[in-house]
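Working notes for the structure below.
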Amino acid sequence: RNWKLQRHLYQRFGGGRVLWQQAGIEAFDATRKWIESAETAGDFAVTGRQLRDALYHYWTMQNYGAFLTDDPQRVRDSLTAPPWLAASTEKEKPTAAGDSP
């Protein structure tokens with residue numbers, strides 16, 4: 001489920017960098033854009049500078065190292081088109097009448 005949400009955010013909010021976490025891949029930049037768009041839409045309000053800094057601190061820290069990347073091949077292989085997705089899609093294709101799976 002997490003992969004599906006992260007892929008949706010990545011596709012809907014303009015891609016960007018991804019971050020490898022213990023729970024899986026995270027659409028790092030897209031998640032921030034999602035939160036900013038919700039704030040702009042009035043879904044919530046940040047009432048002070050310190051609160052805003054605390055909210056966005058996660059995206060402004062600089063210590064993610066190699067776990068944060070925008071390498072197109074790594075993004076494709078882990079989020080947008082992982083090899084296991086193609087294999088599972090292939091299994092779901094209907095067969096012609098009389099074909100054995």
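Starting from 1, each residue takes its place in the sequence as its number.
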Atom pairs and distances, donor-acceptor, side-chain atoms in residues 44-54, under 3.5 Å, two or more places apart:
residue, atom, partner, partner atom, Å
R52, NH1, E39, OE1, 3.2
R52, NH1, E39, OE2, 3.2
R52, NH2, E39, OE2, 2.6

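Within the model, atoms CG of L9 and CD of E26 stand 9.0 Å from one another, a figure rounded to the nearest 0.5 Å. Separation of atoms CD (Q73) and OG (S78) is listed at 9.5 Å; rounding is to 0.5 Å. Taking CG of L5 as the start and CD1 of I25 as the end, the distance is 13.0 Å to the nearest 0.5 Å.
The aromatic rings of W34 and F13 sit tilted relative to each other, their planes meeting at an angle between 30° and 60°. Classified by interplanar angle (parallel below 30°, tilted 30° to 60°, perpendicular above 60°), the ring pair Y64/F28 is perpendicular.
V18 pairs with exactly one of T69, T31, L68 by the side chain to side chain contact (heavy atoms under 4.5 Å, CB included) rule, that one being T69.
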Apply side chain to side chain contact (heavy atoms under 4.5 Å, CB included) to the pair Y58 and I35, showing each step before the final yes or no. CA-CA 12 Å; Y58 178 74; I35 291 172; over 6 Å; no
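Taking all atoms of both residues into account, the shortest heavy-atom contact from R7 to L79 is CD-O, 3.5 Å.
Residue pairs meeting the salt bridge (Lys or Arg N to Asp or Glu O under 4.0 Å) criterion with at least one partner in residues 56-84, sequence neighbours excluded, are absent.
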